[in-house]
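Data block below; observations after.
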Number of protein chains: 2
Amino acid sequence: MLTEKDKQAFQDYLTQEGLKFSEQRMQILEIVLQGVKHLTANEIYKNVQKRHPGIGYATIYRTLRLLCEAGLCVELKCEDGICRYEHAADDVHHDHLICTKCGRFVEVVDPQIEKLQDKLFKDNGFLPQRHRMELYGICRQCKK
Amino acid sequence: MLTEKDKQAFQDYLTQEGLKFSEQRMQILEIVLQGVKHLTANEIYKNVQKRHPGIGYATIYRTLRLLCEAGLCVELKCEDGICRYEHAADDVHHDHLICTKCGRFVEVVDPQIEKLQDKLFKDNGFLPQRHRMELYGICRQCKK
DNA sequence: TTGATGTTGAGAATCGTTATCAAAAGATAC
DNA sequence: GTATCTTTTGATAACGATTCTCAACATCAA
């Protein structure tokens with residue numbers, strides 16, 4: 001869901017960094033923050049093409065980086081080596097359940113696991129920064 | 001630690017698949033299964049070079065695939081996009097604590113987390129296959 | 001030793017992503 | 001609105017890890 005708040009946040013970020021606003025950046029913002037989640041750069045590229053033919057991959061990647069830096073989107077480095085991008089949920093960290101047959105992504109959170117992860121960091125003398133947890137399996141639909 | 005058992009297991013696997021034994025494969029087996037863990041293909045390449053100059057990357061990758069298929073080694077797809085290979089521990093799954101400063105890998109296991117992960121699979125109607133958990137932080141040495 | 005088959009190494013190809021750079025477009029001052 | 005200064009853009013080349021191709025070579029059974 002793309003909100004005015006997100007648009008404003010992006011504009012504010014650009015202004016703050018001395019960057020400029022452009023048609024292309026708005027198009028990419030709209031595609032990434034609305035609708036389907038976990039899009040690859042290629043999917044975003046194809047989507048933007050429809051409304052803005054001629055756009056290049058470089059612009060897609062550059063804008064995705066900006067969106068990440070602005071905290072509006074998160075890059076997921078997936079096992080297949082292709083990055084996917086999702087709308088940054090409001091401060092709520094989550095992990096992913098991924099169907100190995102259809103590629104479906106389900107977002108999950110488990111506060112207990114989060115606590116145990118923190119404990120692992122501490123027990124090993126690590127200063128926690130972030131973590132990544134992906135659960136691969138076969139979803140209900142694909143099991144049938 | 002490279003054991004005779006591992007060597008035998010690799011030979012058995014090759015025989016079973018109708019494949020042949022070679023000097024290069026033995027060299028790679030020794031490098032990967034002994035000593036330092038979590039080597040990249042490039043590190044393995046450089047190590048094998050010392051004892052067997054002229055070896056090519058193709059052979060490294062082909063042999064790594066064989067070792068994985070034989071269940072002797074595991075490929076880790078890391079966030080930096082470079083795969084690392086570790087000696088497959090005897091049936092014991094483990095996750096990783098990774099220092100973002102020095103790259104140190106620490107293997108960790110938490111049975112409670114494993115249970116909670118299984119619960120997440122079930123609660124979402126997924127048939128569990130495997131998972132990946134990486135905890136990124138700064139290790140004791142690098143904190144100083 | 002020979003023949004059939006699997007393996008090797010050099011180099012090309014792949015593919016997602018990033019860098020380069022001249023042309024185009026925003027922002028700002030006038 | 002126009003001039004001017006930046007920044008942005010898109011085409012294309014470059015990158016780096018990994019895989020493919022293929023002719024030369026090694027292995028093994030008979």
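Chain naming here is simple, since letters A, B, ... match the order of the sequence lines and numbering starts at 1 in each.
- The salt bridge (charged side-chain N to carboxylate O under 4.0 Å, His left out) search around Asp123(B) returns Lys119(B), not counting sequence neighbours.
- Of the charged side-chain nitrogens involved, at least one lies within less than 4.0 Å of a carboxylate oxygen, so that Lys7(A) and Glu4(A) count as a salt-bridged pair.
- In terms of the salt bridge (charged side-chain N to carboxylate O under 4.0 Å, His left out) criterion, Glu114(A) has no residue partners (sequence neighbours excluded).
- Between Arg65(B) atom CZ and dA17(D) atom P there is a gap of 18 Å when expressed in whole angstrom units.
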Worksheet entry | Footprint string (nucleotides 22-30 of chain D, 5' to 3'): B base within contact, S backbone only, - free, heavy atoms under 4.0 Å | -----B---

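- For the segment residues 38-61 of chain A, the set of residues with a heavy atom within less than 4.0 Å of an atom of DNA chain C comprises Ala41(A), Ala58(A), Tyr61(A), in numerical order.
- Atom CD1 in Ile82(B) sits roughly 14 Å away from atom P in dT19(D) (whole-Å rounding).
- Taking atom CG on Leu19(A) and atom C1' on dT9(D), their separation rounds to 14 Å, with Å as the unit.
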Side-chain donor-acceptor pairs under 3.5 Å in residues 50-60 of chain B, sequence neighbours left out?
from     : atom 1 : to       : atom 2 : distance (Å)
Arg51(B) : NH1    : Glu30(B) : OE1    : 3.2
Tyr57(B) : OH     : Asn42(B) : ND2    : 2.5
Thr59(B) : OG1    : Arg62(B) : NH2    : 3.3

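- In 5' to 3' order, the nucleotides of DNA chain C bounding all contacts with chain A (an atom under 4.0 Å from a heavy atom) are dG16(C) to dA27(C).
- Residues meeting the side-chain hydrogen bond (donor to acceptor under 3.5 Å, both in side chains) test with Glu23(A), sequence neighbours left out: Gln27(A).
- For residues 125-143 of chain B, the salt bridge (Lys or Arg N to Asp or Glu O under 4.0 Å) pairs, not counting sequence neighbours, are Glu79(A)-Arg130(B), Glu79(A)-Arg132(B), Arg132(A)-Glu134(B), Glu134(A)-Arg132(B), Arg132(B)-Glu134(B).
- With sequence neighbours excluded, the residues forming a salt bridge (charged side-chain N to carboxylate O under 4.0 Å, His left out) with Glu107(B) are Lys37(B), listed by chain and number.
- Other residues sharing a hydrophobic cluster with Ile138(A) under the 4.5 Å side-chain heavy-atom criterion for ILVMFWY residues are Leu127(B).
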Could you pull out every donor-acceptor pair under 3.5 Å between side chains of residues 97-106 of chain B and any protein atom, sequence neighbours left out?
from      : atom 1 : to        : atom 2 : distance (Å)
Thr100(B) : OG1    : Gln129(A) : OE1    : 2.6
Thr100(B) : OG1    : Gly137(B) : O      : 3.4
Arg104(B) : NH2    : Gln141(B) : OE1    : 3.3

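- The salt bridge (charged side-chain N to carboxylate O under 4.0 Å, His left out) test applied to Glu86(A) returns no partner, not counting sequence neighbours.
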